[in-house]
**Q** 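Sharing a structure with you now.
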2 protein chains.
Amino acid sequence: MTETAPRPTLEAVAARAGVSRATVSRVVNGGEGVREPLVERVRRAVEELGYVPNQAARSLVTRRHDAVAVVVAEPESRVFADPFFGLQLRGISKELTAYDNQLVLLLTEGRDDHARVARYLAGGHVDGALVFSLHLDDPLPGLIQRAGVPTVFGGRPGWSGDRRGVVYVDSDNRGGAREAVRHLAGLGRTRIAHITGALDQTSAADRLDGYRDVMVDADPRLIAEGDFTPAGGERAMRELLGRCPDLDAVFAANDLSAAGALRVLRASGRRVPDDVAVIGFDDMLPVAEQTDPPLTTIRQDIEEMGRLMARLLLRGLDRRNPAGGVVGTPSSVVLPTTLIRRTSA
Amino acid sequence: MTETAPRPTLEAVAARAGVSRATVSRVVNGGEGVREPLVERVRRAVEELGYVPNQAARSLVTRRHDAVAVVVAEPESRVFADPFFGLQLRGISKELTAYDNQLVLLLTEGRDDHARVARYLAGGHVDGALVFSLHLDDPLPGLIQRAGVPTVFGGRPGWSGDRRGVVYVDSDNRGGAREAVRHLAGLGRTRIAHITGALDQTSAADRLDGYRDVMVDADPRLIAEGDFTPAGGERAMRELLGRCPDLDAVFAANDLSAAGALRVLRASGRRVPDDVAVIGFDDMLPVAEQTDPPLTTIRQDIEEMGRLMARLLLRGLDRRNPAGGVVGTPSSVVLPTTLIRRTSA
DNA sequence: TGCCGTGGTGAGAGCGCTCTCGCCGCCCCG
DNA sequence: CGGGGCGGCGAGAGCGCTCTCACCACGGCA
């Protein structure tokens with residue numbers, strides 16, 4: 001716990017290099033319009049003094065912070081039980097780092113925190129925000145929109161407010177679900193059940209829609225509500241088995257609930273995939289590879305989603321146009337999914 | 001993606017309230033030494049204009065940022081496969097939020113990033129740092145110490161540098177391990193094996209030490225090296241079964257590797273706990289409760305560790321002395337562990 | 001009544017930076 | 001050889017805040 005030492009200022013560097021503050025500033029910010037010998041002298045002075053620009057002073061005049069808030073608005077601590085957010089965070093972090101932006105993490109605890117987050121964002125402490133808020137009734141997106149902070153959402157925000165200018169990155173949940181169900185059908189299965197995710201989230205709703213796209217007139221008893229957790233998967237599977245003992249396949253809304261379903265199936269004496277084929281969603285490696293048997297699933301590139309969110313935001317912020325593409329208001333992106341075949345289906 | 005609107009300044013509030021900037025500043029910062037009617041007038045003006053202080057301007061003069069960096073220096077993306085960091089982050093976030101500090105997340109990708117992190121910390125953008133760097137040979141703690149940033153480590157840093165003034169928060173890994181092994185011994189088990197964690201981390205080394213404390217002259221073949229992952233647990237368990245088919249208990253360095261071990265034991269036809277008792281470490285709920293059978297384990301309060309790290313740092317920063325206690329250089333804290341009995345042992 | 005002490009308020013400097021503008025010297029062209 | 005243009009550099013203002021200090025109006029005491 002040492003104390004922070006006094007740090008050299010632009011002034012000090014200028015004095016040492018024998019130039020003006022303005023010139024040092026120019027060199028520090030890229031060196032445009034300064035002749036080589038001077039650039040060299042300034043660089044050396046910076047080096048020798050260990051000069052690091054004071055971000056506060058800089059922000060004060062540029063009104064830029066080179067910082068982005070990441071808002072994770074999950075009511076429950078379930079957030080990190082899933083490796084989901086972690087992976088997305090990693091993708092975000094990589095992209096932000098590549099363009100020298102900092103990541104300010106805002107975790108919310110329940111409703112009261114929304115005001116806090118909104119205040120922070122409205123306070124202009126960051127240049128933009130990446131927001132994870134997937135619940136249908138979440139007031140946060142609205143608050144943020146009112147705060148006027150450039151924002152990219154993680155997952156299609158399911159709220160009823162003004163839709164204009166809303167940018168999000170999502171997986172093709174519906175398409176992926178269709179692919180999953182078609183795969184099961186292609187295996188000759190006809191009694192294909194679905195364990196949904198938490199239906200107040202758009203991803204769960206979309207996957208259910210995808211299931212219905214293929215199973216146009218499916219027996220409604222083949223659908224059981226889960227909540228993306230293993231326990232929820234177990235519950236739903238037991239329910240399904242009770243209602244339709246003759247089912248021969250299950251499409252679970254994510255790998256975690258598939259894992260739960262798998263346990264119940266085994267306990268009930270069914271063999272997977274012989275008696276019942278099971279397919280998950282996410283391709284969460286530590287889960288999908290570790291189940292018994294290993295899980296066939298729909299892969300979504302979560303880290304890439306994070307990276308893309310950051311890239312879109314930065315592009316909208318006009319940060320020297322990250323990674324090419326046309327500058328301007330970016331639009332939402334829906335990433336494709338892939339079927340990963342293991343043994344469960 | 002709306003543009004940020006121009007925000008009112010102190011000046012504007014002062015004008016509206018008919019007072020000086022200084023008075024507004026005083027009110028905004030607690031209102032000490034300003035008479036009630038004025039306070040009221042200023043408050044109203046702030047409210048009406050929606051004034052939010054410009055943090056950059058404030059930092060420029062106070063040299064405080066009310067921001068803390070959280071550095072996660074895990075080489076591999078394994079970081080978030082474990083819910084570990086997520087939980088700790090949550091604890092940290094809660095505490096920081098309670099004292100109005102922001103959380104700047106710094107994830108590192110391999111060695112090259114160390115310099116970046118060190119530069120950032122040395123740059124004085126944050127008031128302090130919370131660092132997770134548990135590897136023995138990690139140069140980061142040294143770099144940070146040189147940067148002169150007040151720091152609290154998560155887990156005992158295992159490095160050979162200057163130890164003075166190093167503050168950390170850790171679980172009683174050694175004591176917990178002793179309790180685990182004693183519990184197995186109390187069950188009448190005598191051939192107690194140990195699956196270690198990644199031994200370049202202090203927590204793994206400490207747990208191994210704890211095991212040895214009880215099993216003073218254990219057969220060295222009863223120890224197999226794991227790496228805290230389920231796959232590592234499987235590998236180690238197979239190794240152990242090959243070397244010592246007569247073992248009757250296993251203490252795994254964490255729940256994840258215990259889950260792997262459990263699978264191998266079942267595949268080998270052993271009954272748990274009848275033939276082999278198994279105990280884990282961490283009490284990672286989504287893992288420990290979902291194994292078959294549910295895992296007996298050593299619980300550590302991970303969220304509390306995070307909270308404590310933040311509290312210690314803030315206290316060292318002299319932030320109005322969070323949560324009581326003597327002000328001054330804080331010292332390290334080692335949190336106790338608890339045995340959680342489920343069915344595996 | 002006069003003086004000092006005290007508490008409340010305002011004026012102003014200055015934190016470290018960026019950016020505009022103006023000056024100066026050089027080169028090119030007539 | 002002179003003038004205009006241009007590129008390189010420095011001077012200085014000002015971003016929005018905090019904090020010191022001086023000022024003023026009281027009240028208490030002699």
Side-chain angles (χ1 to χ4, degrees), chain A residues 4-43 45-46 49-67 100 122-127 319-320, chain B residues 4-43 45-46 49-67 100 122-127 319-320:
Chain A
T4 315
R7 299 194 297 123
T9 72
L10 249 205
E11 190 76 50
V13 177
R16 179 161 196 124
V19 298
S20 71
R21 275 193 344 260
T23 298
V24 178
S25 177
R26 278 187 272 259
V27 171
V28 169
N29 293 292
E32 296 288 282
V34 180
R35 254 189 293 247
E36 196 43 51
L38 271 200
V39 172
E40 198 41 51
R41 240 166 59 210
V42 171
R43 289 250 163 82
V46 166
L49 296 176
Y51 170 74
V52 182
N54 179 322
Q55 183 62 37
R58 183 180 273 178
S59 294
L60 187 56
V61 28
T62 60
R63 274 113 205 302
R64 280 188 33 180
H65 301 85
D66 294 317
D100 272 318
H125 304 296
V126 291
D127 301 328
R319 285 284 186 285
R320 257 170 267 322
Chain B
T4 315
R7 298 195 296 122
T9 72
L10 247 205
E11 190 76 50
V13 178
R16 179 161 197 122
V19 298
S20 72
R21 279 194 338 265
T23 298
V24 178
S25 178
R26 277 186 274 258
V27 171
V28 168
N29 293 293
E32 297 287 282
V34 180
R35 253 189 293 246
E36 196 42 51
L38 272 200
V39 172
E40 199 39 52
R41 240 162 64 208
V42 171
R43 288 250 163 83
V46 165
L49 296 176
Y51 170 75
V52 182
N54 180 322
Q55 183 62 39
R58 183 180 272 177
S59 293
L60 187 56
V61 26
T62 59
R63 274 113 206 303
R64 279 187 37 178
H65 301 84
D66 294 318
D100 271 317
H125 304 297
V126 291
D127 301 328
R319 285 284 187 285
R320 255 170 268 319

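Quick note on labels: first sequence line is chain A, next is B, and so on, each numbered from 1. What's counted below: heavy atoms across the whole structure, side chains too, no hydrogens, waters or symmetry copies.
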**Q** So, do A:R43 and A:V46 sit near enough that their side-chain heavy atoms are less than 4.5 Å apart?
**A** no

**Q** Return the CZ to CG distance between B:R16 and B:L49, rounded to the nearest 0.5 Å.
**A** 5.0 Å

**Q** Looking at side-chain heavy atoms only, is the closest gap between B:V28 and B:R58 below 4.5 Å?
**A** yes

**Q** Thinking salt bridges, do A:R21 and A:E11 make one under a 4.0 Å N-O criterion?
**A** yes

**Q** Do side-chain atoms of A:S59 reach the backbone of A:R64 as a donor and acceptor pair under 3.5 angstrom?
**A** yes

**Q** So which of residues 11-26 of chain B are in contact with DNA chain D, with a heavy-atom cut-off of under 4.0 Å?
**A** B:R21, B:A22, B:S25

**Q** Measure the distance from CZ on B:R41 to C1' on C:dG8 and round it to the nearest whole Å.
**A** 13 Å

**Q** For B:S20, enumerate each residue passing the side chain to side chain donor-acceptor pair (under 3.5 Å) test, keeping only those at least two apart in sequence or located in another chain.
**A** B:T23

**Q** Closest approach of A:V13 and A:V42, non-hydrogen atoms and distance?
**A** CG1-O, 4.3 Å

**Q** Going 5' to 3' along DNA chain D, which nucleotides are the first and last within contact of chain B (any atom under 4.0 Å from a heavy atom)?
**A** D:dG16 to D:dC19

**Q** What is the distance, to the nearest angstrom, from the CG atom on B:L10 to the P atom on C:dG12?
**A** 17 Å

**Q** With a 4.5 Å heavy-atom cut-off, do B:D127 and B:H65 have their side chains touching?
**A** yes

